[in-house]
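For reference, the structure discussed in these notes is given below.
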Protein chains: 2
Amino acid sequence: MAQDSKIAQTIINLEKAALDRWGKGDPSGCLELCAPEVTYFDPFLDRRITGLDELTRYYENLRGKISIDRYELINPAVCVAGDVAVLTFNYVSYSKDNEPSRWNCTEVYRNFEGNWKIIQTHWSFTRPKA
Amino acid sequence: MAQDSKIAQTIINLEKAALDRWGKGDPSGCLELCAPEVTYFDPFLDRRITGLDELTRYYENLRGKISIDRYELINPAVCVAGDVAVLTFNYVSYSKDNEPSRWNCTEVYRNFEGNWKIIQTHWSFTRPKA
């Protein structure tokens with residue numbers, strides 16, 4: 001369990017470092033964390049994205065367009081299952097002139113020879129309108 | 001890879017069987033698939049549900065209230081990572097007198113001594129209003 005706790009902290013630190021860059025308009029932190037076989041959902045897509053190439057094309061269109069003043073990662077939990085660690089949390093971002101933006105997030109990390117990489121990302125709005 | 005393909009089919013069959021019961025107002029199929037440590041998101045909650053006890057209380061309130069005529073599980077994909085299998089798909093449900101309901105879904109399954117159980121569920125609307 002001490003080992004799981006250490007993994008949990010590693011995973012949360014990786015996620016925060018990527019989100020810090022994301023909030024400054026830089027998607028590379030997120031992309032560098034992803035495995036080639038990553039799958040991805042967010043609320044702006046008609047369907048799942050499958051694979052890092054497709055996700056890269058999508059994220060490159062957002063480069064320089066995101067500006068987040070600060071965010072909260074609420075109650076992050078990591079479930080370690082062998083070489084996989086499943087991170088879940090609620091998230092709120094704050095930006096000038098906008099209402100706070102509230103999200104649900106799942107990140108499935110897999111350990112590839114010592115490097116944790118994301119194989120599944122799911123971002124959704126918390127209580128959107130139907 | 002043949003083994004992964006067999007696991008993928010097993011996982012998809014488990015999911016469909018639970019969804020079939022769900023569409024008839026019976027949440028027990030989903031609950032029986034979950035591990036005690038399951039975490040859960042859907043668009044009607046203010047925050048993550050943590051643990052099968054909390055999810056059971058939530059789902060029992062829905063018992064008998066769901067009626068789905070038919071659904072499509074679109075492009076399901078299973079990523080097998082050791083004892084974990086990550087199922088993702090888009091989903092559309094059809095019910096009398098309602099517009100089709102479109103969803104994104106992530107289900108993280110873990111193999112517990114031969115029994116696949118869900119440790120993370122994330123349902124969200126496809127392209128909801130912000």
Side-chain angles (χ1 to χ4, degrees), chain A residues 4 34-51 72-92 98-112 116-130, chain B residues 4 34-51 72-92 98-112 116-130:
Chain A
D4 281 7
C34 288
E37 64 266 43
V38 66
T39 57
Y40 175 94
F41 290 115
D42 79 23
F44 309 109
L45 295 163
D46 288 325
R47 55 167 186 77
R48 184 186 63 216
I49 281 177
T50 304
E72 292 168 45
L73 205 148
I74 299 168
N75 200 16
V78 179
C79 179
V80 180
D83 281 342
V84 169
V86 182
L87 169 64
T88 53
F89 55 90
N90 287 105
Y91 170 97
V92 190
N98 288 314
E99 289 291 302
S101 182
R102 296 177 187 281
W103 297 77
N104 307 328
C105 183
T106 301
E107 298 276 33
V108 183
Y109 284 78
R110 181 177 185 179
N111 190 331
F112 292 90
W116 290 98
K117 297 287 183 184
I118 294 169
I119 57 174
Q120 215 296 295
T121 290
H122 192 148
W123 285 96
S124 67
F125 294 131
T126 303
R127 297 189 67 105
K129 295 187 179 71
Chain B
D4 281 6
C34 288
E37 65 266 41
V38 66
T39 56
Y40 174 92
F41 290 115
D42 80 24
F44 309 110
L45 294 164
D46 288 324
R47 55 168 185 77
R48 183 187 65 216
I49 281 177
T50 305
E72 292 167 44
L73 207 148
I74 300 169
N75 199 16
V78 179
C79 178
V80 179
D83 281 342
V84 170
V86 182
L87 169 64
T88 53
F89 54 90
N90 287 107
Y91 170 97
V92 190
N98 288 315
E99 289 292 302
S101 183
R102 296 178 186 280
W103 299 77
N104 307 328
C105 183
T106 302
E107 298 276 30
V108 183
Y109 284 79
R110 182 177 186 178
N111 190 331
F112 292 91
W116 291 97
K117 297 287 182 182
I118 294 169
I119 57 173
Q120 216 294 295
T121 290
H122 192 149
W123 285 96
S124 66
F125 293 130
T126 303
R127 298 190 67 107
K129 295 187 180 71

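Chain naming here is simple, since letters A, B, ... match the order of the sequence lines and numbering starts at 1 in each.
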Fit a plane to each ring of A:F125 and A:W103, take the angle between them on a 0 to 90° scale, and name the class: parallel (under 30°), tilted (30 to 60°) or perpendicular (over 60°).
->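 Answer is tilted, since the angle falls between 30° and 60°.
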Among A:N111, A:N75, A:V108, residue most engaged with chain B (heavy-atom pairs, under 4.5 Å) =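 Maximum pair count with chain B is reached by A:N75.
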Considering only heavy atoms and a distance below 4.5 Å, find which of A:A81, A:A77, A:G82 pairs most often with chain B.
->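 Ranked by contacts with chain B, first place is A:A81.
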Please determine, by modelled atom types, if A:T121 and A:W123 share a side-chain donor-acceptor pair under 3.5 angstrom.
->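 Not at all, the side chains of A:T121 and A:W123 share no donor-acceptor pair under 3.5 Å.
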Non-hydrogen atoms of chain B under 4.5 Å away: do they reach the side chain of [X], the backbone, both or neither?
X      : answer
A:N104 : both
A:L45  : backbone
A:R110 : side chain

Highest number of heavy-atom pairs under 4.5 Å with chain A: which of B:T126, B:V84, B:D83, B:I74?
->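 Ranked by contacts with chain A, first place is B:V84.
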How far apart are the C-alpha atoms of B:N90 and A:R48, what are their side-chain angles, what is the distance that settles it, and do they pass the side-chain contact (heavy atoms from CB on, under 4.5 Å) test?
-> CA-CA 7 Å; B:N90 287 107; A:R48 184 186 63 216; 3.9 Å; yes
Distance-only donor-acceptor hits, side chain of residues 34-41 of chain B, under 3.5 Å, sequence neighbours excluded:
unit_1: B:T39; atom_1: OG1; unit_2: B:Q120; atom_2: NE2; d: 3.2
unit_1: B:Y40; atom_1: OH; unit_2: B:D42; atom_2: OD2; d: 2.8
unit_1: B:Y40; atom_1: OH; unit_2: B:Y59; atom_2: OH; d: 3.2

Given side chains that start at C-beta, do those of A:R127 and B:D46 come closer than 4.5 Å, heavy atoms only?
-> yes
